[in-house]
Amino acid sequence: MTAAFTSQQFALVDVNNFYVSCERVFNPKLESVPVVVLSNNDGCAVARSNEVKALGVKMGTPWFQMQDLAKRHGIVAFSSNYTLYGDMSNRVLMILRDFSPEVEMYSIDECFLRLNGLSALWPTLNDLGQAIRCRIRQWTGLPICVGFASSKTMAKLANHVAKKHIDLNGVCDFTTMSENEISRLFSSLDVGEVWGVGRRIGERLHAMGIHTAQALRQASPKWLRAQFGVVMERTCDELNGISCLALEDVTPPRKQIICSRSFGELVTSLEELIEAVSTYITRAAEKLRHQQSVCGAVHVFIHTNQFRKQDEQYNNGIVVSLPEPTGDTRVLIAAALFGLRHIYRPGYKYKKAGVMLMELSNSKQRQSSIFDLRGAVSDRVGELMQTLDNLNREYGQDTITIGSAGVRSNWKMRCDNRTPRYTTRWNELPHAFAR
DNA sequence: TCTGGGGTCCTAGGACCC
DNA sequence: TCTGGGGTCCTAGGACCC
(Lines give C-alpha, C1' and ligand atoms only; values in the text may rest on other atoms or scores of the structure.)
Protein backbone atom coordinates (compact mmCIF):
# COMPACT_ATOMS: atom_id res chain seq x y z
CA MET A 1 0.00 0.00 0.00
CA THR A 2 1.24 3.47 -0.77
CA ALA A 3 0.91 5.23 2.52
CA ALA A 4 2.28 8.44 1.06
CA PHE A 5 -0.83 8.98 -1.02
CA THR A 6 -3.34 7.94 1.58
CA SER A 7 -4.14 10.58 4.14
CA GLN A 8 -4.56 9.04 7.56
CA GLN A 9 -5.82 10.37 10.84
CA PHE A 10 -4.62 9.08 14.18
CA ALA A 11 -5.29 10.06 17.74
CA LEU A 12 -3.06 9.25 20.65
CA VAL A 13 -4.84 9.18 24.01
CA ASP A 14 -2.57 9.11 27.05
CA VAL A 15 -3.55 9.18 30.71
CA ASN A 16 -1.67 11.87 32.62
CA ASN A 17 0.70 10.43 35.25
CA PHE A 18 -1.30 7.23 35.01
CA TYR A 19 -0.45 5.32 38.21
CA VAL A 20 -0.62 8.46 40.32
CA SER A 21 -3.95 9.40 38.76
CA CYS A 22 -5.34 5.92 39.56
CA GLU A 23 -4.42 6.39 43.22
CA ARG A 24 -6.05 9.82 43.24
CA VAL A 25 -9.32 8.51 41.84
CA PHE A 26 -9.81 6.48 45.03
CA ASN A 27 -8.31 9.03 47.37
CA PRO A 28 -9.23 12.54 46.30
CA LYS A 29 -7.29 14.00 49.22
CA LEU A 30 -4.16 13.28 47.18
CA GLU A 31 -5.20 15.93 44.68
CA SER A 32 -2.44 18.61 44.58
CA VAL A 33 -0.34 16.57 47.04
CA PRO A 34 3.05 15.48 45.63
CA VAL A 35 2.70 11.73 44.95
CA VAL A 36 5.02 9.06 43.56
CA VAL A 37 4.30 5.43 42.76
CA LEU A 38 7.25 3.10 43.26
CA SER A 39 8.42 0.20 41.14
CA ASN A 40 8.32 -3.40 42.31
CA ASN A 41 10.18 -3.92 45.55
CA ASP A 42 9.56 -0.23 46.33
CA GLY A 43 12.75 0.54 44.42
CA CYS A 44 12.36 3.50 42.07
CA ALA A 45 9.83 6.20 41.25
CA VAL A 46 8.00 5.01 38.14
CA ALA A 47 5.17 7.54 38.22
CA ARG A 48 5.28 11.11 39.48
CA SER A 49 2.59 13.71 39.98
CA ASN A 50 3.18 17.13 38.42
CA GLU A 51 4.14 18.46 41.84
CA VAL A 52 6.89 15.86 42.09
CA LYS A 53 8.09 16.51 38.54
CA ALA A 54 8.30 20.20 39.44
CA LEU A 55 10.65 19.28 42.29
CA GLY A 56 13.03 17.89 39.68
CA VAL A 57 12.56 14.19 40.48
CA LYS A 58 13.47 12.18 37.39
CA MET A 59 11.76 9.01 36.20
CA GLY A 60 13.47 6.02 37.83
CA THR A 61 14.99 7.87 40.77
CA PRO A 62 15.62 5.39 43.61
CA TRP A 63 13.26 6.02 46.49
CA PHE A 64 16.03 5.95 49.12
CA GLN A 65 17.79 8.79 47.29
CA MET A 66 14.82 11.12 47.61
CA GLN A 67 14.14 10.63 51.31
CA ASP A 68 15.23 14.18 52.26
CA LEU A 69 13.20 15.75 49.49
CA ALA A 70 10.22 13.59 50.42
CA LYS A 71 10.34 14.72 54.05
CA ARG A 72 10.76 18.38 53.17
CA HIS A 73 7.87 18.46 50.70
CA GLY A 74 5.61 15.80 52.11
CA ILE A 75 5.87 13.47 49.13
CA VAL A 76 3.50 10.52 49.52
CA ALA A 77 4.80 7.22 48.08
CA PHE A 78 2.76 4.16 47.11
CA SER A 79 3.85 0.67 46.18
CA SER A 80 2.60 -0.24 42.73
CA ASN A 81 -0.84 -1.78 42.53
CA TYR A 82 -0.80 -3.36 39.08
CA THR A 83 -4.12 -5.11 39.58
CA LEU A 84 -5.79 -1.75 40.03
CA TYR A 85 -3.92 -0.05 37.18
CA GLY A 86 -4.61 -2.91 34.79
CA ASP A 87 -8.32 -2.78 35.52
CA MET A 88 -8.49 1.01 35.15
CA SER A 89 -6.61 0.69 31.89
CA ASN A 90 -9.24 -1.73 30.58
CA ARG A 91 -12.00 0.67 31.47
CA VAL A 92 -10.33 3.42 29.45
CA LEU A 93 -9.95 1.05 26.51
CA MET A 94 -13.66 0.12 26.62
CA ILE A 95 -14.65 3.79 26.51
CA LEU A 96 -12.32 4.53 23.61
CA ARG A 97 -13.86 1.72 21.58
CA ASP A 98 -17.08 3.74 21.60
CA PHE A 99 -15.30 6.51 19.74
CA SER A 100 -13.54 4.40 17.11
CA PRO A 101 -13.71 0.75 16.14
CA GLU A 102 -9.98 0.82 15.46
CA VAL A 103 -8.12 1.08 18.74
CA GLU A 104 -4.61 -0.09 19.48
CA MET A 105 -3.69 -0.48 23.11
CA TYR A 106 -0.09 0.61 22.87
CA SER A 107 0.79 0.50 26.56
CA ILE A 108 -1.01 0.36 29.86
CA ASP A 109 -1.76 4.09 29.70
CA GLU A 110 -1.76 4.88 25.97
CA CYS A 111 -4.01 4.08 23.04
CA PHE A 112 -3.86 4.92 19.37
CA LEU A 113 -7.15 5.42 17.53
CA ARG A 114 -7.53 5.45 13.77
CA LEU A 115 -10.17 7.95 12.73
CA ASN A 116 -10.41 7.68 8.98
CA GLY A 117 -13.85 8.91 8.05
CA LEU A 118 -14.95 9.32 11.64
CA SER A 119 -13.83 12.91 11.97
CA ALA A 120 -16.69 13.92 9.66
CA LEU A 121 -19.06 13.09 12.53
CA TRP A 122 -17.60 15.89 14.60
CA PRO A 123 -17.46 19.63 13.88
CA THR A 124 -13.70 19.55 14.53
CA LEU A 125 -11.18 17.07 15.86
CA ASN A 126 -10.82 19.34 18.83
CA ASP A 127 -14.49 18.70 19.66
CA LEU A 128 -13.90 14.98 19.42
CA GLY A 129 -10.86 15.28 21.68
CA GLN A 130 -12.79 17.22 24.27
CA ALA A 131 -15.63 14.70 24.16
CA ILE A 132 -13.18 11.86 24.81
CA ARG A 133 -11.57 13.72 27.71
CA CYS A 134 -14.91 14.55 29.21
CA ARG A 135 -16.29 11.02 29.07
CA ILE A 136 -13.16 9.36 30.42
CA ARG A 137 -13.00 11.87 33.24
CA GLN A 138 -16.67 11.31 34.03
CA TRP A 139 -16.70 7.52 33.80
CA THR A 140 -13.31 6.70 35.33
CA GLY A 141 -12.09 9.86 37.06
CA LEU A 142 -8.87 9.84 35.07
CA PRO A 143 -7.35 12.91 33.34
CA ILE A 144 -6.10 12.40 29.80
CA CYS A 145 -4.61 14.32 26.87
CA VAL A 146 -5.28 13.75 23.18
CA GLY A 147 -3.06 14.40 20.17
CA PHE A 148 -4.25 14.28 16.54
CA ALA A 149 -2.05 13.93 13.47
CA SER A 150 -1.63 12.10 10.18
CA SER A 151 0.98 9.66 11.51
CA LYS A 152 1.48 7.87 14.80
CA THR A 153 4.82 9.54 15.48
CA MET A 154 3.27 12.97 14.97
CA ALA A 155 0.25 12.04 17.10
CA LYS A 156 2.65 11.18 19.94
CA LEU A 157 4.24 14.59 19.54
CA ALA A 158 0.85 16.29 19.42
CA ASN A 159 -0.03 14.58 22.69
CA HIS A 160 3.23 15.82 24.19
CA VAL A 161 2.35 19.37 23.13
CA ALA A 162 -1.15 19.01 24.59
CA LYS A 163 0.38 18.09 27.93
CA LYS A 164 2.88 20.99 27.96
CA HIS A 165 0.61 23.83 26.81
CA ILE A 166 -2.06 24.38 29.42
CA ASP A 167 -4.01 26.75 27.17
CA LEU A 168 -4.74 23.89 24.74
CA ASN A 169 -6.98 22.34 27.37
CA GLY A 170 -5.57 18.84 26.85
CA VAL A 171 -6.09 18.51 23.10
CA CYS A 172 -3.69 19.29 20.26
CA ASP A 173 -4.54 18.84 16.59
CA PHE A 174 -1.73 18.93 14.04
CA THR A 175 -4.01 18.08 11.13
CA THR A 176 -5.42 21.57 10.84
CA MET A 177 -2.19 23.46 11.47
CA SER A 178 -0.43 25.24 8.64
CA GLU A 179 3.04 24.24 7.55
CA ASN A 180 4.34 27.42 9.20
CA GLU A 181 2.73 26.66 12.53
CA ILE A 182 4.08 23.11 12.47
CA SER A 183 7.61 24.30 11.67
CA ARG A 184 7.51 26.85 14.45
CA LEU A 185 6.21 24.33 16.95
CA PHE A 186 8.62 21.56 15.91
CA SER A 187 11.53 24.00 16.14
CA SER A 188 10.76 24.40 19.84
CA LEU A 189 10.81 20.64 20.50
CA ASP A 190 14.05 18.90 21.42
CA VAL A 191 14.81 16.07 19.03
CA GLY A 192 14.88 13.72 22.04
CA GLU A 193 11.11 14.19 22.46
CA VAL A 194 10.48 12.37 19.18
CA TRP A 195 9.17 8.81 19.52
CA GLY A 196 12.00 6.49 18.47
CA VAL A 197 14.79 8.88 19.45
CA GLY A 198 16.23 7.65 22.72
CA ARG A 199 19.21 8.78 24.75
CA ARG A 200 21.91 7.33 22.54
CA ILE A 201 20.58 8.41 19.19
CA GLY A 202 19.57 11.75 20.68
CA GLU A 203 23.16 12.41 21.70
CA ARG A 204 24.46 11.46 18.28
CA LEU A 205 21.90 13.66 16.54
CA HIS A 206 22.85 16.62 18.71
CA ALA A 207 26.51 16.04 17.93
CA MET A 208 25.59 16.16 14.24
CA GLY A 209 23.84 19.48 14.71
CA ILE A 210 20.30 18.11 14.63
CA HIS A 211 18.84 19.60 17.77
CA THR A 212 15.09 19.87 17.19
CA ALA A 213 12.21 17.84 15.85
CA GLN A 214 12.09 20.29 12.97
CA ALA A 215 15.75 19.65 12.07
CA LEU A 216 15.14 15.90 12.11
CA ARG A 217 12.11 16.38 9.91
CA GLN A 218 14.17 18.27 7.36
CA ALA A 219 17.09 15.83 7.33
CA SER A 220 17.50 13.54 4.34
CA PRO A 221 15.80 10.20 4.94
CA LYS A 222 18.42 8.37 2.90
CA TRP A 223 21.21 9.89 4.94
CA LEU A 224 19.40 9.00 8.17
CA ARG A 225 19.07 5.45 6.97
CA ALA A 226 22.79 5.21 6.28
CA GLN A 227 23.63 6.65 9.70
CA PHE A 228 21.03 5.00 11.92
CA GLY A 229 19.18 2.34 9.96
CA VAL A 230 15.73 1.88 8.60
CA VAL A 231 13.91 2.78 11.81
CA MET A 232 15.15 6.37 11.83
CA GLU A 233 14.35 6.75 8.16
CA ARG A 234 10.76 5.81 8.91
CA THR A 235 10.66 8.21 11.84
CA CYS A 236 11.66 11.02 9.51
CA ASP A 237 8.92 10.11 7.04
CA GLU A 238 6.42 9.93 9.86
CA LEU A 239 7.41 13.41 11.02
CA ASN A 240 6.57 14.63 7.55
CA GLY A 241 3.09 13.23 7.83
CA ILE A 242 3.79 10.10 5.79
CA SER A 243 2.26 7.27 7.77
CA CYS A 244 4.62 4.26 7.87
CA LEU A 245 3.46 2.63 11.10
CA ALA A 246 0.11 0.92 10.81
CA LEU A 247 -2.43 0.71 13.59
CA GLU A 248 -2.13 -2.69 15.26
CA ASP A 249 -5.61 -3.23 16.57
CA VAL A 250 -5.26 -6.98 17.01
CA THR A 251 -2.57 -7.67 19.57
CA PRO A 252 -0.23 -10.34 18.23
CA PRO A 253 0.67 -13.03 20.77
CA ARG A 254 3.87 -12.37 22.71
CA LYS A 255 7.00 -13.98 21.32
CA GLN A 256 8.53 -14.35 24.74
CA ILE A 257 7.20 -14.14 28.27
CA ILE A 258 9.40 -12.95 31.10
CA CYS A 259 8.88 -13.05 34.82
CA SER A 260 11.65 -11.77 37.05
CA ARG A 261 11.89 -9.95 40.35
CA SER A 262 14.42 -8.45 42.67
CA PHE A 263 14.33 -10.00 46.11
CA GLY A 264 13.22 -8.17 49.22
CA GLU A 265 16.35 -9.47 50.96
CA LEU A 266 19.54 -10.93 49.53
CA VAL A 267 19.28 -14.68 49.07
CA THR A 268 22.08 -17.23 49.39
CA SER A 269 20.46 -20.65 49.53
CA LEU A 270 19.49 -22.83 46.60
CA GLU A 271 16.23 -23.69 48.37
CA GLU A 272 15.03 -20.11 48.33
CA LEU A 273 16.00 -19.67 44.69
CA ILE A 274 14.03 -22.81 43.88
CA GLU A 275 10.95 -21.29 45.50
CA ALA A 276 11.36 -18.02 43.67
CA VAL A 277 11.99 -19.59 40.26
CA SER A 278 9.04 -21.97 40.71
CA THR A 279 6.81 -19.03 41.51
CA TYR A 280 8.00 -17.04 38.48
CA ILE A 281 7.44 -20.00 36.18
CA THR A 282 3.94 -20.35 37.60
CA ARG A 283 3.18 -16.70 36.72
CA ALA A 284 4.77 -16.95 33.28
CA ALA A 285 2.97 -20.21 32.47
CA GLU A 286 -0.37 -18.61 33.32
CA LYS A 287 0.35 -15.85 30.82
CA LEU A 288 1.52 -18.47 28.32
CA ARG A 289 -1.72 -20.44 28.49
CA HIS A 290 -3.77 -17.26 28.53
CA GLN A 291 -2.51 -16.42 25.05
CA GLN A 292 -2.95 -20.06 23.98
CA SER A 293 0.72 -20.67 23.42
CA VAL A 294 3.12 -23.44 24.29
CA CYS A 295 6.79 -22.97 24.95
CA GLY A 296 9.80 -24.78 23.51
CA ALA A 297 12.61 -23.56 25.76
CA VAL A 298 13.06 -22.01 29.17
CA HIS A 299 15.72 -19.46 30.06
CA VAL A 300 16.61 -19.13 33.77
CA PHE A 301 18.94 -16.49 35.16
CA ILE A 302 20.21 -15.35 38.54
CA HIS A 303 22.41 -12.47 39.55
CA THR A 304 23.93 -10.68 42.48
CA ASN A 305 23.44 -7.00 43.31
CA GLN A 306 25.57 -5.00 40.86
CA PHE A 307 25.30 -1.90 43.06
CA ARG A 308 27.07 -3.57 45.99
CA LYS A 309 30.64 -3.12 44.85
CA GLN A 310 31.91 -4.74 48.05
CA ASP A 311 30.26 -8.05 47.10
CA GLU A 312 31.71 -10.58 44.72
CA GLN A 313 29.53 -10.52 41.59
CA TYR A 314 28.03 -13.46 39.73
CA ASN A 315 25.62 -13.40 36.78
CA ASN A 316 24.59 -16.44 34.87
CA GLY A 317 21.78 -17.82 32.82
CA ILE A 318 21.03 -20.94 30.86
CA VAL A 319 18.56 -21.99 28.20
CA VAL A 320 16.96 -25.39 28.68
CA SER A 321 15.34 -26.86 25.58
CA LEU A 322 12.24 -28.98 26.00
CA PRO A 323 11.76 -32.23 24.10
CA GLU A 324 8.43 -30.94 22.89
CA PRO A 325 6.54 -27.66 23.32
CA THR A 326 4.34 -27.54 26.41
CA GLY A 327 2.20 -25.33 28.57
CA ASP A 328 2.36 -27.65 31.57
CA THR A 329 3.53 -25.73 34.63
CA ARG A 330 5.03 -28.88 36.14
CA VAL A 331 7.21 -29.61 33.12
CA LEU A 332 8.29 -25.98 32.86
CA ILE A 333 9.22 -25.89 36.54
CA ALA A 334 11.21 -29.09 36.19
CA ALA A 335 13.14 -27.64 33.24
CA ALA A 336 13.76 -24.34 35.03
CA LEU A 337 14.99 -26.03 38.21
CA PHE A 338 17.27 -28.28 36.18
CA GLY A 339 18.81 -25.13 34.70
CA LEU A 340 18.91 -23.37 38.05
CA ARG A 341 20.86 -26.22 39.68
CA HIS A 342 23.33 -25.98 36.81
CA ILE A 343 24.09 -22.30 37.25
CA TYR A 344 23.72 -21.98 41.03
CA ARG A 345 26.99 -21.36 42.89
CA PRO A 346 27.00 -21.24 46.67
CA GLY A 347 28.65 -18.35 48.46
CA TYR A 348 27.06 -15.49 46.54
CA LYS A 349 24.37 -13.09 47.70
CA TYR A 350 21.70 -13.17 45.04
CA LYS A 351 19.53 -10.14 44.37
CA LYS A 352 17.42 -11.22 41.45
CA ALA A 353 16.24 -14.25 39.53
CA GLY A 354 14.05 -14.60 36.52
CA VAL A 355 12.69 -16.89 33.85
CA MET A 356 11.95 -16.36 30.20
CA LEU A 357 9.66 -18.63 28.17
CA MET A 358 11.00 -18.79 24.62
CA GLU A 359 10.20 -20.37 21.27
CA LEU A 360 6.50 -19.82 21.77
CA SER A 361 4.02 -21.27 19.34
CA ASN A 362 0.30 -21.71 19.06
CA SER A 363 -0.90 -24.55 21.29
CA LYS A 364 -3.55 -25.50 18.74
CA GLN A 365 -0.99 -26.23 16.02
CA ARG A 366 1.43 -28.01 18.26
CA GLN A 367 3.92 -30.21 16.50
CA SER A 368 4.49 -33.51 18.28
CA SER A 369 7.89 -35.04 18.55
CA ILE A 370 8.32 -38.41 16.87
CA PHE A 371 8.46 -40.03 20.29
CA ASP A 372 5.16 -38.58 21.35
CA LEU A 373 2.63 -41.39 21.46
CA ARG A 374 0.64 -39.65 24.13
CA GLY A 375 -1.92 -37.44 22.46
CA ALA A 376 -4.49 -38.48 25.02
CA VAL A 377 -2.10 -37.69 27.85
CA SER A 378 -1.46 -34.17 26.61
CA ASP A 379 -5.21 -33.59 26.37
CA ARG A 380 -5.51 -34.54 30.02
CA VAL A 381 -2.68 -32.15 30.85
CA GLY A 382 -4.49 -29.37 29.02
CA GLU A 383 -7.61 -30.02 31.09
CA LEU A 384 -5.63 -30.10 34.30
CA MET A 385 -3.98 -26.76 33.58
CA GLN A 386 -7.31 -25.29 32.51
CA THR A 387 -8.81 -26.33 35.82
CA LEU A 388 -5.87 -24.87 37.71
CA ASP A 389 -6.22 -21.54 35.91
CA ASN A 390 -9.98 -21.45 36.46
CA LEU A 391 -9.69 -22.12 40.18
CA ASN A 392 -6.99 -19.50 40.62
CA ARG A 393 -8.96 -16.95 38.68
CA GLU A 394 -12.12 -17.64 40.63
CA TYR A 395 -10.68 -17.90 44.13
CA GLY A 396 -7.59 -15.71 43.84
CA GLN A 397 -3.99 -16.16 42.73
CA ASP A 398 -2.16 -19.13 44.24
CA THR A 399 -5.23 -20.88 45.62
CA ILE A 400 -3.63 -23.93 44.06
CA THR A 401 0.11 -24.00 43.43
CA ILE A 402 2.89 -26.43 42.65
CA GLY A 403 4.69 -27.60 45.78
CA SER A 404 8.15 -26.23 45.00
CA ALA A 405 6.82 -22.67 44.98
CA GLY A 406 7.13 -22.98 48.74
CA VAL A 407 5.93 -20.95 51.63
CA ARG A 408 9.01 -19.03 52.75
CA SER A 409 8.95 -15.35 52.08
CA ASN A 410 12.39 -13.84 52.60
CA TRP A 411 12.83 -13.48 48.88
CA LYS A 412 9.44 -11.92 48.28
CA MET A 413 9.31 -8.31 47.20
CA ARG A 414 8.90 -5.40 49.48
CA CYS A 415 5.59 -3.77 48.90
CA ASP A 416 4.98 -1.80 52.04
CA ASN A 417 2.43 0.72 50.95
CA ARG A 418 0.07 -0.74 48.42
CA THR A 419 -3.49 0.54 48.24
CA PRO A 420 -6.42 -1.90 48.07
CA ARG A 421 -7.37 -3.54 44.78
CA TYR A 422 -10.53 -1.44 44.85
CA THR A 423 -12.04 -2.57 41.58
CA THR A 424 -11.32 -6.29 41.40
CA ARG A 425 -11.77 -7.74 44.92
CA TRP A 426 -15.06 -7.75 46.74
CA ASN A 427 -13.36 -7.49 50.11
CA GLU A 428 -11.29 -4.50 49.03
CA LEU A 429 -14.09 -2.33 47.68
CA PRO A 430 -13.83 1.33 48.60
CA HIS A 431 -16.23 2.42 51.35
CA ALA A 432 -18.51 5.39 51.05
CA PHE A 433 -20.11 6.90 54.14
CA ALA A 434 -23.19 9.06 54.12
CA ARG A 435 -23.38 11.82 56.65
C1' DT B 1 20.40 -0.50 54.37
C1' DC B 2 17.72 0.96 50.18
C1' DT B 3 18.74 1.14 42.80
C1' DG B 4 12.00 -2.15 38.43
C1' DG B 5 10.05 -5.16 35.03
C1' DG B 6 8.56 -6.51 30.49
C1' DG B 7 8.68 -6.15 25.84
C1' DT B 8 10.14 -5.34 20.41
C1' DC B 9 13.00 -4.74 16.39
C1' DC B 10 17.34 -4.27 13.78
C1' DT B 11 22.13 -5.23 12.67
C1' DA B 12 26.58 -7.21 12.46
C1' DG B 13 29.20 -11.05 12.44
C1' DG B 14 30.15 -15.93 12.61
C1' DA B 15 29.11 -20.65 11.14
C1' DC B 16 27.96 -23.33 7.62
C1' DC B 17 26.83 -24.85 3.00
C1' DC B 18 27.39 -25.32 -1.95
C1' DT C 1 53.34 -19.94 -4.01
C1' DC C 2 48.66 -20.07 -5.09
C1' DT C 3 43.75 -19.71 -1.12
C1' DG C 4 36.15 -17.54 -4.10
C1' DG C 5 31.84 -15.91 -3.59
C1' DG C 6 27.31 -15.87 -2.37
C1' DG C 7 23.55 -17.30 0.30
C1' DT C 8 21.12 -18.55 4.72
C1' DC C 9 20.58 -19.10 9.43
C1' DC C 10 21.48 -18.10 14.13
C1' DT C 11 22.98 -15.36 17.99
C1' DA C 12 24.50 -11.58 20.73
C1' DG C 13 24.22 -7.07 21.48
C1' DG C 14 22.37 -2.61 21.03
C1' DA C 15 18.79 0.48 20.58
C1' DC C 16 14.21 1.75 21.54
C1' DC C 17 9.52 1.82 24.09
C1' DC C 18 6.48 2.21 28.44
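The model shown is predicted, which means the values in this text are computed figures rather than measured ones.
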Please work out if [X] contacts a base, only the sugar-phosphate, or nothing of the nucleic acid, heavy-atom cut-off 4.0 Å.
X	value
A:Arg283	nothing
A:Asp42	nothing
A:Tyr106	sugar-phosphate
A:Arg308	sugar-phosphate
A:Ile201	sugar-phosphate
A:Leu38	nothing
A:Asn40	sugar-phosphate
A:Trp63	nothing
A:Gln256	base

What is the separation between atom [atom1] on [X] and atom [atom2] on [N], rounded to the nearest whole Å?
X	N	atom1	atom2	result
A:Trp195	C:dC16	CH2	P	14 Å
A:Met356	B:dG7	CE	P	9 Å
A:Tyr82	B:dG4	OH	P	11 Å
A:Ile257	B:dG6	CD1	C1'	11 Å
A:Lys152	B:dT8	NZ	P	15 Å
A:Tyr85	B:dG5	OH	P	15 Å
A:His160	C:dC18	NE2	P	12 Å
A:Arg200	C:dG14	CZ	C1'	8 Å

*If the P atom of C:dC18 is compared with that of B:dT3, how far apart are they to the nearest Å?*
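These two P atoms come out 25 Å apart once rounded.
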*With DNA chain B as reference, determine whether A:Cys44 or A:Arg254 sits nearer its 5' end, using the nearest nucleotide of each.*
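Its nearest nucleotide being more 5', the pick is A:Cys44.
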_Nearest-nucleotide comparison on DNA chain B, the residue closer to the 5′ end among A:Val231 and A:Lys352_ =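 It is A:Lys352, whose closest nucleotide lies nearer the 5' terminus.
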*asked:* Please determine whether the number of non-hydrogen atoms from other residues, nucleotides or ligands lying under 6.0 Å from atom CZ of A:Phe338 exceeds 12.
replied: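 No, because the 6.0 Å sphere around CZ of A:Phe338 holds 12 heavy atoms or fewer from other groups.
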*Mind telling me whether A:Phe263 and A:Tyr280 have parallel, tilted or perpendicular rings, with 30° and 60° as the class edges?*
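A:Tyr280 and A:Phe263: parallel rings.
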*So A:Phe301 and A:His299, would you call those rings parallel, tilted or perpendicular, with 30° and 60° as cut-offs?*
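Tilted: the ring planes of A:Phe301 and A:His299 meet at 30° to 60°.
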*Indicate yes or no: does A:Lys163 engage A:Glu193 in a salt bridge with an N to O separation below 4.0 Å.*
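No, A:Lys163 and A:Glu193 are not salt-bridged.
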*Do the side-chain N or O atoms of A:Arg199 get closer than 4.0 angstrom to the phosphate oxygens (OP1, OP2) of C:dC17?*
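So the side chain of A:Arg199 is outside the cut-off, no N or O lying under 4.0 Å from OP1 or OP2 of C:dC17.
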*Under 6.0 Å between ring centres, would you say that holds for A:Trp195 and A:Phe10?*
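Centroid separation for A:Trp195 and A:Phe10: 6.0 Å or greater.
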*Knowing that exactly one of A:Leu266, A:Thr279, A:Val277 qualifies, which makes a side chain to side chain contact (heavy atoms under 4.5 Å, CB included) with A:Trp411?*
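Among A:Leu266, A:Thr279, A:Val277, the one that satisfies the side chain to side chain contact (heavy atoms under 4.5 Å, CB included) with A:Trp411 is A:Thr279.
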